[in-house]
Amino acid sequence: MLCAVCLLPSAVRKCYFGRFFLPRDGTFGILFLSHFTLAAETPMPTTLTSLPSWTALKSHADNVRGQHMRDLFAADGKRGERMTLEAAGIFLDYSKNRVTDETVKLLLDLATACDLKGKIGAMFSGQKINKTENRAVLHTALRAPKGAVVTVDGENVVPAVHETLDRMSAFCDKVRSGAWLGYTGLRIKTIVNVGIGGSDLGPVMAYEALRNSATRVIQFKFVSNIDGTDFAEATHGLDPAETLFIISSKTFTTLETMTNANTARDWVLSKLTDPGAIAKHFVAVSTNAAAVSKFGIDTANMFGFWDWVGGRYSMDSAIGLSTMLAVGPDGFREMLAGFHEMDENFRTAPFEQNLPVLMGLLSVWYIDFFGAETVAILPYDQYLKRFPAYLQQLTMESNGKRVTLDGAEVDYATGAIYWGEPGTNGQHSFYQLIHQGTRLIPCDFIGFLKTLNPLGAHHDILMANLFAQSEALAFGKTAEAVKAEGHPDWLVPHRTFPGNRPSNTILLEKLDAKAVGKLVALYEHIVFTQGAIWNIGSFDQWGVELGKVLAQKILPELQAKDESGLHHDSSTNALIRRYRASRG
Ligand code: F6P
């Protein structure tokens, strides 16, 4: 049917003339049979894959796929210096990617078409961008300087953030100095953080990352798993009279954490017997004061945060109490300053100088136009050994989504699988597949110019390996080069490296608290950039609910004495019966 206004087929869906001349409510719809009217009555959201910048990237990718990085470098002697970016003290070399200047331009066009700028502004200004939970997303307010104003529901949240930081600092000073004593008058020698997911992974990662500057007078343990082994091993050999538990849970209802917290209370009371001892050996970090109080922890010993802090974005809130206890209030504030520096780059820098935007777009390039399913995170620093695990929750719980914010199923790939290990260990494990396997795995190499443990030539060897790996991945080794080494023909394919395997190299001066803040904020905003392009809700996590509900249903079935009442599928029923039989 043709539009009565512009005479184009109504399948085009939008009448640009009618838009100006017809009322928006479609009153003239029947009269004019205009496709403008149809669009006005049933608005059709523009899909990502129909954006001109997306289709341009698609055809551009067909072209780039045929090019080798060897040729790109040969054609531009300055590529390795040009395709770099330095912001907030982080240097990024992105030249070893399968991109041209045109790729970067088209990716930036895509970001503009997806209103990334507007979306960044919406987050920083406290708009409720977490639609399915009707919440603001304001982890950036946790590191805002004291005088800043960030408003949620008409209230500036920054003063409360700093008030909590001050309370945390006072508490940490007491514990670290020995002024805080246990129930029997002994000093605290061990701190055990009990939490899971975002209430564990950030604290563990930060503790490991900052171990070099952490107090050695107090030891830190982390209990997360519901598996009793985790609690038993963490507390093995400890004296309850010298142990302080931090029960970290945003909701204070999480099954694993509450079970471990109850076990911890029993463990403490098994020696100290008086329930009054709880006040000296338990503190809580939560948004749920009522549940904390019900558990028996005095809310004077509770450090709060807010519903606008997502669990996986909370390591810089009071959830970081163990981090502050380890590195001290000044160290913690240094870390927050690092976060803030990166926030400012993300919030204010033009996209071409914006580190998280550029890295986020590069990941979209591989995930959506090269079919990459994973991203490898390869920190060349032993202190960052838990960084890949931390990023797994940040990236996959955020962007593991299959519908857009409007609830429509996506017709493009979203969140990739993030994984990794520190170098050089990974080299002797899985790098083989990255070099010669059939999959394309973009890698982020993270290194530090200065080591915190200068021991002989260790650091030079470590960094030589980092640089060698990205070089080998990009340029490989041709069959001709292998032949020229005198290898027999049959061996040549086995010893050939195809190369053309992409990587980013990220360099920082040294691994201090500020660097940790910068790195975490960098990836937080990479995740945001990806989610903004994909138009998905990066800040909820409904996908973890179903398993939790089913576990609650199965638990009494495992413990039941009678054989009746199993209504699962035949596999689940049989597994439950086998478990019951083993319990006798
Ligand atoms: O795994 C789901 C989840 O809700 C995470 O998002 C969160 O970090 C974790 O559980 C722990 O939740 P809480 O801090 O409320 O115990």
Side-chain angles (χ1 to χ4, degrees), residues 129-139 142 164 168 192-207 222-227 230-231 234 245-265 282-295 297 299 302-323 386-401 415 417-418 520 523-524 527-528 531 536-552:
I129 61 168
N130 175 354
K131 296 251 182 281
T132 64
E133 296 178 308
N134 192 31
R135 289 176 183 167
V137 174
L138 271 181
H139 40 279
L142 297 169
T164 304
M168 288 165 66
V192 185
N193 185 75
V194 177
I196 196 164
S199 300
D200 166 69
L201 289 161
V204 182
M205 181 277 289
Y207 173 65
F222 298 86
V223 175
S224 54
N225 203 329
I226 192 77
D227 184 344
D230 205 8
F231 184 88
F245 287 91
I246 306 172
I247 310 301
S248 297
S249 174
K250 180 176 171 181
T251 54
F252 228 72
T253 57
T254 306
L255 178 66
E256 291 89 339
T257 302
M258 296 330 294
T259 306
N260 279 320
N262 283 314
T263 302
R265 186 173 46 193
F282 283 83
V283 296
V285 179
S286 186
T287 58
N288 186 348
V292 167
S293 184
K294 193 160 169 232
F295 178 84
I297 297 177
T299 47
M302 168 183 158
F303 301 90
F305 59 114
W306 305 271
D307 76 351
W308 39 262
V309 182
R312 53 193 175 274
Y313 296 87
S314 67
M315 60 169 278
D316 47 342
S317 71
I319 288 291
L321 188 65
S322 58
T323 314
R386 295 293 290 168
F387 193 57
Y390 170 77
L391 287 190
Q392 284 183 333
Q393 189 202 18
L394 180 68
T395 58
M396 297 201 262
E397 200 166 80
S398 295
N399 285 341
K401 309 289 163 63
I417 300 155
Y418 278 72
V520 173
Y523 281 92
E524 284 177 350
V527 167
F528 184 95
I536 55 177
S538 300
F539 300 101
D540 59 21
Q541 57 284 321
W542 299 107
V544 296
E545 293 305 320
L546 179 59
K548 284 188 196 170
V549 172
L550 291 179
Q552 291 286 9

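Counting starts at 1 for both ligands and their atoms, following the listed order.
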Legend entry - Neighbour list for ligand 1 [protein residues, heavy atom under 4.0 Å]: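 Lining ligand 1 at under 4.0 Å, by heavy atoms, one finds Ile196, Gly197, Gly198, Ser199, Ser249, Lys250, Thr251, Thr254, Gly311, Gln393, Glu397, Gln541, Val544.
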Inset, instruction - Please work out which of the three classes, parallel, tilted or perpendicular, describes the rings of His139 and Tyr313, given edges at 30° and 60°. - result: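 Correct class here is parallel.
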Inset, instruction - Taking atom types as modelled, find out whether Thr287 and Trp306 have a side-chain donor-acceptor pair closer than 3.5 angstrom. - result: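 Thr287 vs Trp306: no donor-acceptor pair found between side chains.
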Inset, instruction - Verify whether one side chain among Thr251 and Asn288 offers a donor that lies under 3.5 Å from an acceptor in the other. - result: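 Thr251 vs Asn288: no donor-acceptor pair found between side chains.
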Legend entry - Arg265 CZ: over 12 foreign heavy atoms closer than 6.0 Å: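 More than 12 within 6.0 Å, yes.
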Legend entry - Aromatic ring proximity, centroids under 6.0 angstrom, Tyr523 and Phe387: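 Yes; Tyr523 has its ring centre under 6.0 Å from that of Phe387.
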Inset, instruction - Check each of Arg312, Lys401, Gln393 against Gln541 using the side-chain hydrogen bond (donor to acceptor under 3.5 Å, both in side chains) test, and report the only one that passes. - result: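 Result: among Arg312, Lys401, Gln393, Arg312 is the only option passing the side-chain hydrogen bond (donor to acceptor under 3.5 Å, both in side chains) with Gln541.
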